[in-house]
Engineer: 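The structure follows.
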Amino acid sequence: MRKNLIYIILATISLPLVIFAGNQIVGLISRAAPQPANIIIDTKNSTGVLNPSWEAFAQGGEEPPPMLTRVVTQLRTLKPRYVRIDHIYDSYSIIQKNGNNIVYDFSRLDQTVNDILDAGALPFFSLSYMPRELTGTNSVIDTPVNWDYWKNLVQATVEHYSGKKFRNLNNVYYEVWNEPELPQFGNWSLSGNKDYRMLYYYAQAGAVLAQDVNKFYIGGPAVGSYYPSWVNSFLSYISQNNLRLDFYSWHRYTKRSSDYVSDIKNIRGNISNFPKYKDIPLILSEWGLDSANSEMNNTDATAAFSVNTIAEIGDKVDLAFAFEIKDGPPPGGGKWGLITHENGNPPLSPKPRFKAFEALANLDRGNKVYISGQGTFVKAIATNDANTIRVILSNYDLTSNNTENVPVTFTGLSPSSYNLKYKYPLTQSGGNYEITSTNGAITKNIPMPPNSIVYLELSPISPLATFIPGASGKPDDEALVLQKNSDPLVFSSPEFHILPSGKISFDIKPLWDKNDTDPKIIFEAPFATESGTLQKIFLRKESSPSFSQLTFGIENTSSLSSNPTTVTLPANTLQDGSWHRITVGWDPNQIYMFLDDTEKIQLPVTTDIRNGRIVTFYPVNDAIDNLSIVLGKEQLIGWTFGGRVDR
C-alpha cells in the first residue's frame with residue numbers, strides 16, 4: 001500500500017509536467033509550420049483612402065553636401081513625399097558667430113532643400129547636431145553654452161523654411177535630434193547633465209516663437225529603437241509642461257517585419273496614458289533590415305522584406321523613412337543606399353530595394369482594398385483606383401527556402417473581360433493574361449520564388465454586361481441590360497435542352513427608342529422535329545407609330561415560303577419604360593402567351609418541339625430580370641441576376 005501510495009504521488013506530480021511539456025511541443029510544432037498564402041482581394045471592400053506612408057526616404061550625412069543632386073531624377077520615380085536629412089547644423093555652415101553676435105546662413109542647406117523639392121518631396125529636418133560654435137567643447141554632440149542659442153537657432157530655421165517671407169513651405173517637419181541615446185550622437189538621457197528633455201524644451205520653444213509661418217510640425221525624440229522608458233518619461237515631461245509635440249518618432253532595424261507592428265502597438269499603448277497626446281501621429285523616421293554596414297542591404301531579401309514590412313504596418317504610421325537613398329562614398333561608405341554612390345561600381349545603380357519601392361510607387365493612389373489569406377512568408381497590398389486594381393505581393397524568407405505557387409483571387413468584379421498584367425520587379429520579367437469573369441471573380445496562380453516581388457494590375461477590357469435596378473426595386477436586386485452592341489444572353493446544352501412542353505417567363509423593361517419601328521427578336525430557340533425539319537420558337541416585338549405588339553410562335557426555317565404559327569398580343573404598354581411580365585409556353589396541342597395580368601392568348605395547334613440545344617436572348621435595348629425556363633415539369637433555369645450573368 002505504501003509503495004502504491006508512492007506511485008500515486010509520483011504520478012500526481014509528474015502528470016502536470018507531462019501535460020506542460022506536451023503543450024510546449026504542440027506550440028513549437030504549430031509555430032514551426034508555415035502557413036501558405038491564399039490571397040483573396042475583395043475589390044468592393046474598401047478600407048479607406050490610402051496613405052502611402054512608404055513614400056518617405058532618409059539620407060545620412062556620410063559626405064559633404066550637396067549629396068542628392070546626382071540622384072534627383074531617380075528619386076523622383078519613387079514619388080517621395082518627404083526626404084529626411086540630418087547633420088543640418090554641423091555640415092552646412094549655418095552658424096557664423098562673432099562674439100555674442102550670431103548670423104545665420106542657410107544658403108548651403110537651401111541647395112539640398114532645392115534638390116528635395118526637385119524630386120517632388122518636402123524636407124523633413126532632423127535638427128542635428130549642435131553647431132561647434134555654440135558649445136564650449138567644439139563637439140557637435142554636446143550641450144550649448146547657452147540654451148537660448150539653441151532656441152534661437154531652431155526659431156530661425158523654422159522661420160526660414162516655413163516662413164511666408166522666405167522659403168514659404170507648407171507642412172515641413174522638424175524633428176529634434178537623431179538617435180540621442182547612442183554614444184556617437186551624444187549619449188543623451190532623460191535626466192542628468194545631458195538631458196534630452198532640455199534639448200527638446202528649447203527646440204520647441206524656438207519653434208513656437210517663429211513668426212509669420214505656415215503650418216509645420218515639431219516632434220521627436222528619434223530614438224534608435226522602441227524604449228518604453230523613453231516613451232513614458234518623455235511624454236510625462238511633455239504632458240506636465242504642456243509642451244508642443246506634433247508627432248512621436250523612433251527608429252528600428254530588424255529582420256522581422258512583425259517587430260514594427262509590436263513597436264507601433266506598444267508605443268500607441270504607452271502614449272494613450274497621456275490623453276492630450278494619445279492620437280498624435282507616429283513616425284518611423286529610419287527603418288531597415290540591417291543597421292550594420294552590410295552586403296545584406298544589397299540583396300533581394302532586403303527588397304522583399306521592405307514590401308512585407310509595408311504590408312504589415314500599413315497606415316499605422318504616418319510616415320516610414322527608408323534609410324537611405326544613396327550609398328556613402330566608397331570604399332568605406334555605407335551600403336544602406338537604395339542607389340549606389342556615383343563613385344561606386346557600378347555608379348548610381350538602382351539596387352533591389354530601389355526596385356521594390358519603385359513597384360510600391362504604383363500603389364500611391366486610390367483606396368485600400370481588403371485582403372485576406374496572407375501567409376507566413378507571403379504578404380500583399382492592394383488598391384482600387386478608377387476600376388484598376390493594383391497589387392504587390394512579396395515572399396520574404398531570409399533562409400531563401402520558401403517557394404509558393406500563390407492563388408490570387410479577385411472578388412467583387414463586374415462581368416467583363418480583364419487584362420491581368422504581372423511583373424517581377426527584381427528580374428524585370430513579366431507579361432499579361434486576358435481573363436473573362438462571368439461570376440464576379442478571377443483566380444490566377446502566381447509563382448513566387450524565395451525573396452521575390454510581384455506587381456499585379458487588373459483592369460477591365462470590355463464589359464460583358466450592364467445592370468440596372470431590378471424589377472423588385474430592392475437595393476440588392478439588379479437586372480441585366482441587353483443593350484445594342486452588347487453580347488446576347490445565351491443558354492445551351494446541357495443547361496438548356498428544349499422539350500415538347502415548356503414555358504419561358506421573365507420581367508422586361510423596354511429601353512428602346514419609341515420612334516424605332518424595326519421589328520426586334522427578343523429571343524429564339526431553334527430545334528428539329530422528329531422528322532428532321534428545322535424550326536424555331538421565337539418572341540418578336542413589332543411596332544409602328546400607332547401600335548405595338550408581341551408575337552410568339554413557331555417558324556419553319558427550312559422553308560422560307562411557309563407561314564409561321566403565331567399568337568399576338570397588343571403591347572402598347574411596353575412603351576412606358578416600366579417593368580412588365582411576359583410568359584410564353586407550348587405543349588403538343590397549343591402555344592400561348594400573356595402579358596402582365598392580361599388574359600392568356602392561346603392557339604390550338606399540333607406541335608412537335610424537340611431536339612433543341614440553345615436559346616438566345618438578343619440585345620434589343622431592354623432589361624430582363626427574374627428569368628424562368630421550365631421544360632417539361634422541371635425548372636431548368638431560374639435567374640435573378642443580382643449584378644451577375646451566371647445566376
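Everything numeric in this text was worked out from a predicted model, so none of it was measured.
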Engineer: As a quick check of understanding, evaluate salt bridge (Lys or Arg N to Asp or Glu O under 4.0 Å) for Asp507 and Lys509, giving each step before the final call.
Structural biologist: CA-CA 7 Å; Asp507 293 316; Lys509 184 175 185 178; over 6 Å; no
Engineer: How many angstroms lie between atom CH2 of Trp586 and atom CG of Leu631, to the nearest 0.5 angstrom?
Structural biologist: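 Taking CH2 in Trp586 and CG in Leu631, the distance rounds to 5.5 Å.
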Engineer: Could you check whether atom NZ of Lys520 has more than 12 heavy atoms from other residues, nucleotides or ligands sitting under 6.0 Å from it?
Structural biologist: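 Yes, NZ of Lys520 has more than 12 neighbouring heavy atoms, counting only those of other groups under 6.0 Å.
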Engineer: Within the 4.5 Å heavy-atom criterion, are Arg540 and Gln549 side-chain neighbours or not?
Structural biologist: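 A side-chain contact is absent here, since even the closest heavy-atom pair is not under 4.5 Å.
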Engineer: Less than 4.5 Å apart, side chain to side chain, heavy atoms only: is that true for Thr607 and Val605?
Structural biologist: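 Yes, close enough: below the 4.5 Å cut-off.
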Engineer: Using only atom types and a distance under 3.5 Å, with no angle test, would you say the side chain of Thr529 pairs donor to acceptor with the backbone of Asp608?
Structural biologist: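 Not at all, since once roles are kept as given, no pair shorter than 3.5 Å links the two residues.
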Engineer: Quick one about Ser472 and Asp477 (side-chain donor to acceptor, distance below 3.5 Å, no hydrogens or angles considered), yes or no?
Structural biologist: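 Yes.
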Engineer: Indicate yes or no: at least one non-hydrogen side-chain atom of Phe506 is less than 4.5 angstrom from one of Thr583.
Structural biologist: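 When only atoms from C-beta onward are counted, Thr583 and Phe506 do not touch, as no gap falls below 4.5 Å.
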Engineer: Would you say the side-chain atoms of Asn402 and Glu404 include a donor-acceptor pair closer than 3.5 Å?
Structural biologist: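 Glu404 and Asn402 do have a side-chain donor-acceptor pair below 3.5 Å.
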Engineer: Just verifying a value: how many Å separate Leu482 CG and Ile522 CD1, rounded to the nearest 0.5 Å?
Structural biologist: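 So the gap between those two atoms works out to 10.5 Å.
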Engineer: Does atom CD (Glu599) have a neighbourhood of more than 12 heavy atoms from anything else shown, all under 6.0 Å?
Structural biologist: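 Open.
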Engineer: Do Arg353 and Ser306 pass the side-chain contact (heavy atoms from CB on, under 4.5 Å) test, and can you show the C-alpha distance, the side-chain angles, and the key distance before you say yes or no?
Structural biologist: CA-CA 7 Å; Arg353 197 157 54 120; Ser306 298; 3.3 Å; yes
Engineer: Listed by chain and number, what are the salt bridge (charged side-chain N to carboxylate O under 4.0 Å, His left out) partners of Asp596, not counting sequence neighbours?
Structural biologist: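 Expected list: none.
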Engineer: Establish, from distance only, whether the side-chain atoms of Thr388 and Glu457 form a donor-acceptor pair under 3.5 Å.
Structural biologist: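 Result is no, nothing qualifies.
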Engineer: Any side-chain heavy atom of Met448 sitting closer than 4.5 Å to one from Thr403?
Structural biologist: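 Not touching, per the 4.5 Å side-chain cut-off.
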Engineer: Taking it one step at a time, do Asn298 and Lys351 satisfy side-chain hydrogen bond (donor to acceptor under 3.5 Å, both in side chains)?
Structural biologist: CA-CA 6 Å; Asn298 300 336; Lys351 300 184 190 179; 2.6 Å; yes
Engineer: Taking atom CZ of Arg256 as the centre, report whether more than 12 heavy atoms of other residues, nucleotides or ligands fall under 6.0 Å from it.
Structural biologist: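 Atom CZ in Arg256 is not packed in, count stays at 12 or less.
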Engineer: To the nearest 0.5 Å, how far apart are OG1 in Thr551 and CG in Leu569?
Structural biologist: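 One finds 9.0 Å between OG1 of Thr551 and CG of Leu569.
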Engineer: Which value, rounded to the nearest 0.5 Å, describes the distance between Leu284 atom CG and Ile264 atom CD1?
Structural biologist: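 Rounded to the nearest 0.5 Å, the CG-CD1 separation comes to 7.0 Å.
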Engineer: Before you tell me yes or no, could you show the steps for Ile624 and Leu489 under side-chain contact (heavy atoms from CB on, under 4.5 Å), namely the whole-Å CA-CA distance, both residues' side-chain angles and the distance that decides it to 0.1 Å?
Structural biologist: CA-CA 10 Å; Ile624 65 171; Leu489 179 64; 3.8 Å; yes
Engineer: Taking the side chain as everything from C-beta on, heavy atoms only, tell me whether Gln535 gets closer than 4.5 Å to Phe527.
Structural biologist: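 Answer yes - side chains close enough.
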Engineer: Would you please test Ser400 and Asn451 for side-chain hydrogen bond (donor to acceptor under 3.5 Å, both in side chains) and show each step?
Structural biologist: CA-CA 7 Å; Ser400 298; Asn451 297 313; 3.3 Å; yes
Engineer: Is there a donor-acceptor contact under 3.5 Å from the side chain of Thr376 to the main chain of Gln35?
Structural biologist: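 Yes, Thr376 side chain to Gln35 backbone: donor-acceptor pair under 3.5 Å.
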Engineer: Give, for atom OH of Tyr418 and atom OG of Ser459, the distance between the pair rounded to the nearest 0.5 Å.
Structural biologist: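 So the OH of Tyr418 and the OG of Ser459 are separated by 9.5 Å.
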Engineer: Measuring centre to centre across the rings, with the benzene-like ring taken for any Trp, is Tyr422 within less than 6.0 Å of Tyr433?
Structural biologist: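 Yes; Tyr433 has its ring centre under 6.0 Å from that of Tyr422.
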Engineer: Are side-chain N/O atoms of Ser414 and Ser416 paired as donor and acceptor at under 3.5 Å?
Structural biologist: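 The criterion, which ignores hydrogens and geometry beyond distance, is not satisfied for Ser416 and Ser414.
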Engineer: Is it true that Tyr260 and Trp287 have ring centroids separated by less than 6.0 Å?
Structural biologist: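 Yes, close enough.
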Engineer: Would you say Tyr370 has more than 12 foreign heavy atoms packed within less than 6.0 Å of its OH?
Structural biologist: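 12 or below, so no.
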Engineer: Quick one, Asn384 with Asn367, criterion side-chain hydrogen bond (donor to acceptor under 3.5 Å, both in side chains). Give me CA distance, side-chain angles, the key distance, then yes/no.
Structural biologist: CA-CA 5 Å; Asn384 187 349; Asn367 291 325; over 6 Å; no
Engineer: Over 60° means perpendicular and under 30° means parallel, so tell me whether Phe552 and Phe523 are parallel, tilted or perpendicular.
Structural biologist: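 Because their plane-to-plane angle lies in the 30° to 60° range, the rings of Phe552 and Phe523 count as tilted.
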Engineer: Under a 3.5 Å cutoff, is there a donor and acceptor pairing between the side chains of Thr640 and Asp625?
Structural biologist: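 No donor-acceptor contact under 3.5 Å links the two side chains.
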Engineer: Would Ser501 and Asp587 count as having a side-chain donor-acceptor pair, cut-off 3.5 Å?
Structural biologist: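 No, because no side-chain N or O of Ser501 sits under 3.5 Å from a partner of the opposite role on Asp587.
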Engineer: May I ask you to check whether Ser53 and Asn51 show a side-chain donor-acceptor distance below 3.5 Å?
Structural biologist: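 No pair is found: no donor N or O on one side chain lies under 3.5 Å from an acceptor on the other.
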Engineer: So, Lys541 versus Ser543: side-chain donor-acceptor pair below 3.5 Å or not?
Structural biologist: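 Yes, side-chain donor-acceptor contact under 3.5 Å.
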Engineer: Using a 3.5 Å distance criterion without hydrogens, assess whether the side chain of Asp622 forms a donor-acceptor pair with backbone atoms of Ile508.
Structural biologist: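 Checked: no pair found.
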Engineer: Give a yes-or-no answer on whether the side chains of Asp290 and Asn297 include a donor-acceptor pair shorter than 3.5 Å.
Structural biologist: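 Distance-only check fails for Asp290 and Asn297.
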Engineer: Please identify each residue that fulfils salt bridge (charged side-chain N to carboxylate O under 4.0 Å, His left out) with Asp318, with sequence neighbours left out.
Structural biologist: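 Testing Asp318 for salt bridge (charged side-chain N to carboxylate O under 4.0 Å, His left out), a comparison that skips the adjacent residues, returns none.
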Engineer: Does Asn45 use its side chain to pair, donor to acceptor, with the backbone of Asp42 at less than 3.5 Å?
Structural biologist: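 Not confirmed, Asn45 side chain does not pair with Asp42 backbone.
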Engineer: Donor-acceptor pair, Thr43 side chain versus Gly412 backbone, under 3.5 Å?
Structural biologist: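 Judged by distance alone, yes, a pair lies under 3.5 Å.
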Engineer: Looking at Tyr592, I'd like to know if the NZ or CZ of Lys600 sits under 6.0 Å from its six-membered ring centre while staying within 45 degrees of the ring's axis.
Structural biologist: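 Cation-pi check for Lys600 and Tyr592: passes.
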Engineer: If you compare all heavy atoms of Pro526 against all heavy atoms of Ile614, which two are closest, and at what distance to 0.1 Å?
Structural biologist: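 Looks like CD-O, 3.5 Å.
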Engineer: Is Lys536 paired with Glu524 through a side-chain N to carboxylate O contact shorter than 4.0 Å?
Structural biologist: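 Looking at Glu524 and Lys536, the cut-off is met.
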Engineer: Quick check against the 3.5 Å criterion: does Glu495 have a side-chain atom that pairs as donor or acceptor with the backbone of Ser492?
Structural biologist: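 Not a single qualifying donor-acceptor pair exists.
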Engineer: If we ignore hydrogens and angles and just use 3.5 Å, is the side chain of Asn395 paired with the main-chain N or O of Pro449 as donor and acceptor?
Structural biologist: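 Answer holds: yes.
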Engineer: Could you tell me if Asn432 and Lys421 have a donor-acceptor pair between their side chains, going purely by distance under 3.5 Å?
Structural biologist: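 Looking only at side-chain atoms, Asn432 and Lys421 do not form any donor-acceptor pair under 3.5 Å.
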Engineer: Go through the steps to decide whether Ile392 and Val454 satisfy the test side-chain contact (heavy atoms from CB on, under 4.5 Å), and finish with yes or no.
Structural biologist: CA-CA 6 Å; Ile392 290 185; Val454 181; over 6 Å; no
Engineer: If we only count heavy atoms from C-beta on, is the Ile498 to Asn611 side-chain gap below 4.5 Å?
Structural biologist: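 In short, these two side chains do not touch, never coming nearer than 4.5 Å.
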Engineer: Hey, are the side chains of Ile582 and Leu550 touching, using non-hydrogen atoms and a 4.5 Å cut-off?
Structural biologist: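 Yes, their side chains come closer than 4.5 Å.
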Engineer: Check whether the side chains of Ser505 and Arg581 place a donor and an acceptor atom closer than 3.5 Å, and report yes or no.
Structural biologist: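 Side-chain D/A pair, Ser505 to Arg581: present.
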Engineer: Quick one: closest heavy-atom pair of Thr383 and Val369, and the distance?
Structural biologist: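 Nearest heavy atoms, Thr383 then Val369: C-CG2, 3.7 Å.
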Engineer: Taking only residues two or more places apart in sequence or in another chain, which ones pass side-chain contact (heavy atoms from CB on, under 4.5 Å) with Val408?
Structural biologist: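 Only Ile39, Ile41, Leu393, Val406, Phe410, Ile446, Leu456 meet the side-chain contact (heavy atoms from CB on, under 4.5 Å) criterion with Val408.
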Engineer: Pick out which of Tyr455, Trp54, Phe57 makes a ring-ring contact (aromatic ring centres under 6.0 Å, His included) with Phe357.
Structural biologist: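 Output: one option passes, namely Phe57.
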Engineer: Any carboxylate oxygen within less than 4.0 angstrom of a Lys/Arg side-chain nitrogen, looking at Asp315 and Lys368?
Structural biologist: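 Between Lys368 and Asp315 there is a salt bridge, with a charged N closer than 4.0 Å to a carboxylate O.
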Engineer: Any luck finding a side-chain donor-acceptor pair between Thr299 and Thr302 under 3.5 Å?
Structural biologist: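 Yes, a side-chain donor-acceptor pair sits under 3.5 Å.
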